Amino acid sequence: MAILKLKPTGKDYIWGGHKLVEKYGKEQTGDRLAETWELSCHPDGPSFITNGPDAGKSLKEYIDENGKECLGTNCERFEDFPILIKFIDAQDNLSIQVHPDNKYALKNEGQYGKTEMWYVVDAEEGAYLYYGFQEEISKEEFEKRIEEDTLTDVLNKAPVHKGDVFFIQSGTIHAIGKGIVIAEIQQNSNVTYRVYDYGRVGKDGKKRELHIQKALDVTNTAPVEKDSSHYPHIADCDYFTVDKLYLDGDNFATLKGVVSEKSFESILVLDGEGTITNQNETVSYNKGDSLFLPAGSGEYTISGKCDALVTTVRG
């Protein structure tokens, strides 16, 4: 079986909505569905195979049984599966937060840090997110503004539209605003330092925990510098390379690709429907599907009408 269809683990965080169920066919797991972990070997939310002889197994179980060769030679440098891919539905604003780098996270949390990218799948009119600072501030001002609830006054408030891409290095303060659906590709980590949460309470009726000192330790308080080095990819770093795949279903309805021995390939379908064929096997796909092709799968053909993100790991 060379094309694996994956079922995600869902998360019902308090800021989530219902779009992932209503528009992307995801399974309702609580009062709301904030995130679906579409490609994941993380113990906090694994993804599961739904087709073929390995149906019912987690992706991690599949990799353990078939060996790390199915991830490709470019992944040999990683101790664990390198990435995590999610859909995120922000019905309400997410907390202002920051992620540590590997060194700090390994020392303080026992897992890797997090660099990530966001692809805006959909956005309501007037939607925005926070992405770094407007101007450089001191750590002292940063701490004072957290205490005085004026932090958002100095953050870079970025309007968003469908198709926008944000690359978020570890140490960059950020927050997704309400009315946005995002596809997130990130390091395989679940470490987040919450800086400001609008005074909200969790299911237990208590305010959610903040991580002020750790955030002060790791946050880069200078504005984010624009980086064009990813071209022609929409994102490219040591952990993931992301490309856009588009078929219009008419003049451009078929595309051939090759999955080499160097890296697996993940295809996250943002919209559309069709089929993908590999090694005399054909699998259908629909909006919201997550497909995994092991390294060395060879040539494949994808047909139909689709808008998708293709993720690999470079050498």
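No hydrogens, no waters, no symmetry mates; every other heavy atom, side chains included, goes into these values. Everything numeric in this text was worked out from a predicted model, so none of it was measured.
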On a heavy-atom basis, which atom in [X] and which in [Y] lie closest, and how many Å separate them?
X: Ile14; Y: Arg32; value: O-NE, 3.4 Å
X: Leu71; Y: Ala295; value: C-CB, 3.7 Å
X: Val269; Y: Phe87; value: O-CZ, 3.9 Å
X: Asn93; Y: Trp15; value: O-CB, 3.8 Å
X: Ile173; Y: Val98; value: N-CG2, 4.1 Å

Are [X] and [Y] linked by a side-chain donor-acceptor pair shorter than 3.5 Å?
X: Thr277; Y: Thr282; value: yes
X: Gln187; Y: Ser189; value: no
X: Asn156; Y: Tyr130; value: no
X: Ser263; Y: Asn74; value: no
X: Asn190; Y: Asp44; value: yes
X: Asn286; Y: Tyr24; value: no
X: Lys7; Y: Thr50; value: no

Q. Among pairs that include at least one residue of residues 142-154, which meet side-chain hydrogen bond (donor to acceptor under 3.5 Å, both in side chains), considering only residues two or more places apart or in two chains?
A. Glu141-Arg145, Arg145-Thr150

(Q) In terms of relative ring orientation, are Trp37 and His42 parallel, tilted or perpendicular, with 30° and 60° separating the classes? (A) perpendicular

